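One structure is given below, encoded as structure tokens.
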Amino acid sequence: MRIYVTSVFVDDQAKALDFYTDKLGFEVKNDIPLGDNRWLTVVSKEQPDGIELLLEPSDHPAVKPYKEALVADGIPAASFQVDDLDAEFGKLKAKGVSFTQEPMDAGSVRMAVFDDTCGNLIQLVQMTS
């Protein structure tokens, strides 16, 4: 058994698609219309056959208070691994990405947290040991 798809709830799929592709550099794997929404997944260019991230609409009534509570408590909705956190941080800052936590050491990792503009905090992690 292995993970095939994981998701992050987004307020606006079109806005999320722009952010996750233009700012973060992911590429579209699936974009299938489903009524008012889409089955919209992105993957890492480094692993095009890897785990897909579903940019899932926040339509369910439970999602808004859940996302708001996570953001209020500073809890990331997802975590992405990078090889060089400081380089990635600089690249994303230059693209206008807003960070809520700049790179810092946290035990066996370095981490930073940014706002995905779609209602989520996302953590970047670099393994240090």
Side-chain angles (χ1 to χ4, degrees):
M1 184 180 312
R2 61 188 179 275
I3 298 170
Y4 159 59
V5 174
T6 190
S7 63
V8 62
F9 290 108
V10 298
D11 300 335
D12 179 316
Q13 283 186 303
K15 182 178 178 183
L17 179 60
D18 288 342
F19 184 85
Y20 280 80
T21 57
D22 295 342
K23 302 283 189 195
L24 301 185
F26 291 116
E27 59 187 24
V28 175
K29 181 80 173 196
N30 290 290
D31 189 351
I32 302 166
L34 294 172
D36 293 335
N37 297 307
R38 298 141 64 178
W39 177 261
L40 181 58
T41 66
V42 295
V43 293
S44 168
K45 289 181 181 179
E46 298 168 20
Q47 294 179 312
D49 294 322
I51 297 168
E52 297 175 40
L53 179 65
L54 173 61
L55 303 178
E56 188 163 358
S58 296
D59 294 349
H60 190 281
V63 173
K64 184 177 180 182
Y66 167 75
K67 284 174 54 175
E68 288 173 349
L70 289 179
V71 170
D73 289 344
I75 299 172
S79 183
F80 303 148
Q81 186 175 355
V82 297
D83 293 328
D84 183 337
L85 180 62
D86 294 319
E88 196 69 34
F89 172 78
K91 181 177 85 175
L92 294 176
K93 284 285 278 187
K95 290 182 174 185
V97 174
S98 175
F99 280 79
T100 61
Q101 173 62 60
E102 295 200 0
M104 62 174 276
D105 293 323
S108 62
V109 300
R110 282 185 50 74
M111 58 166 270
V113 178
F114 64 85
D115 181 336
D116 78 349
T117 73
C118 299
N120 303 291
L121 299 177
I122 304 294
Q123 181 179 61
L124 296 180
V125 173
Q126 174 188 339
M127 307 310 282
T128 58
S129 58

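Quick caveat, the model's predicted, so the values are computed rather than measured.
Within the 4.5 Å cutoff, no side-chain heavy atoms of Val113 are placed close to those of Ile122. Looking at Lys23 and Thr117, their side chains never come closer than 4.5 Å, going by heavy atoms from C-beta outward. For the pair Leu92 and Leu124, the minimum side-chain heavy-atom distance is below 4.5 Å. Looking at heavy atoms from C-beta onward, Leu40 lies out of side-chain contact with Asn30 at the 4.5 angstrom threshold.
A salt bridge links Arg110 to Asp86: one of the charged nitrogens lies within less than 4.0 Å of a carboxylate oxygen.
Of all non-hydrogen atoms in Pro48 and Val43, the two that sit nearest each other are O-CG2, 3.7 Å. The minimum heavy-atom distance between Gln101 and Met111, with the atom names listed, is CG-CE, 4.4 Å. Residues Val8 and Ala77 come closest through the heavy atom pair CG2-CB, 4.2 Å. In terms of heavy-atom proximity, Lys93 sits nearest to Val97 at CD-O, 3.8 Å. Scanning all heavy atoms of the two residues, the minimum distance from Val125 to Ser79 falls at CG2-OG, 3.3 Å. Nearest heavy-atom pair, Lys95 versus Asp22, reported as atom, atom and distance to 0.1 Å: NZ-O, 3.4 Å.
Here the straight-line distance linking atom OG of Ser7 with atom CG of Leu53 works out to 7.5 Å at 0.5 Å rounding. The line from SG of Cys118 to OH of Tyr20 is 6.5 Å long, rounded to the nearest 0.5 Å. Note that the CG atom of Asp12 and the CG atom of Leu55 stand 10.5 Å from one another [nearest 0.5 Å]. Taking CD of Glu52 as the reference point, atom OG of Ser44 lies at 12.5 Å (rounded to 0.5 Å). Annotation: the span from Asp115 atom CG to Asn120 atom CG amounts to 8.0 Å, rounded to 0.5 Å. For the atom pair CG (Leu17) and CZ (Arg38), the distance works out to 5.5 Å, reported to the nearest 0.5 Å.
Note: the hydrophobic cluster containing Val63 does not contain Val10 (ILVMFWY, side chain heavy atoms under 4.5 Å, direct or indirect links). Both Leu34 and Val5 are assigned to one and the same hydrophobic cluster, defined by single-linkage of ILVMFWY side chains at heavy-atom distances under 4.5 Å.
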Practice item. Carefully, step by step, assess Asp49 and Lys29 under the rule salt bridge (charged side-chain N to carboxylate O under 4.0 Å, His left out). Key: CA-CA 9 Å; Asp49 294 322; Lys29 181 80 173 196; 3.4 Å; yes
Practice item. Start with the C-alpha distance between Lys67 and Ser58, add both sets of side-chain angles, then the distance that settles side chain to side chain contact (heavy atoms under 4.5 Å, CB included), and finish with yes or no. Key: CA-CA 9 Å; Lys67 284 174 54 175; Ser58 296; 3.1 Å; yes
Review point. Does the side chain to side chain contact (heavy atoms under 4.5 Å, CB included) test come out yes or no for Trp39 and Asp31, once each step is laid out?
Key: CA-CA 6 Å; Trp39 177 261; Asp31 189 351; over 6 Å; no
Exercise for review: Mind running side chain to side chain contact (heavy atoms under 4.5 Å, CB included) on Leu121 and Thr100 for me, showing each step along the way?
Suggested key: CA-CA 8 Å; Leu121 299 177; Thr100 61; 3.8 Å; yes
Exercise for review: Could you check Thr6 against Leu54 for side chain to side chain contact (heavy atoms under 4.5 Å, CB included), going step by step and ending with a plain yes or no?
Suggested key: CA-CA 6 Å; Thr6 190; Leu54 173 61; over 6 Å; no
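When the shell of 6.0 Å around CG of Asp73 is examined, it contains more than 12 heavy atoms from other residues, nucleotides or ligands. Heavy-atom neighbours of Ile3 CD1 from other residues, nucleotides or ligands within 6.0 Å: at or below the threshold of 12.
Under the side-chain hydrogen bond (donor to acceptor under 3.5 Å, both in side chains) criterion, Thr128 pairs with no residue, sequence neighbours left out.
Residue pairs meeting the ring pair (Phe, Tyr, Trp, His ring centres under 6.0 Å) criterion with at least one partner in residues 52-99, sequence neighbours excluded, are Phe26-Phe80, Phe89-Phe99, Phe99-Phe114.
Side-chain atoms of Gln126 come within 3.5 Å of backbone atoms of Leu85 as a donor-acceptor pair (strictly under, hydrogens ignored).
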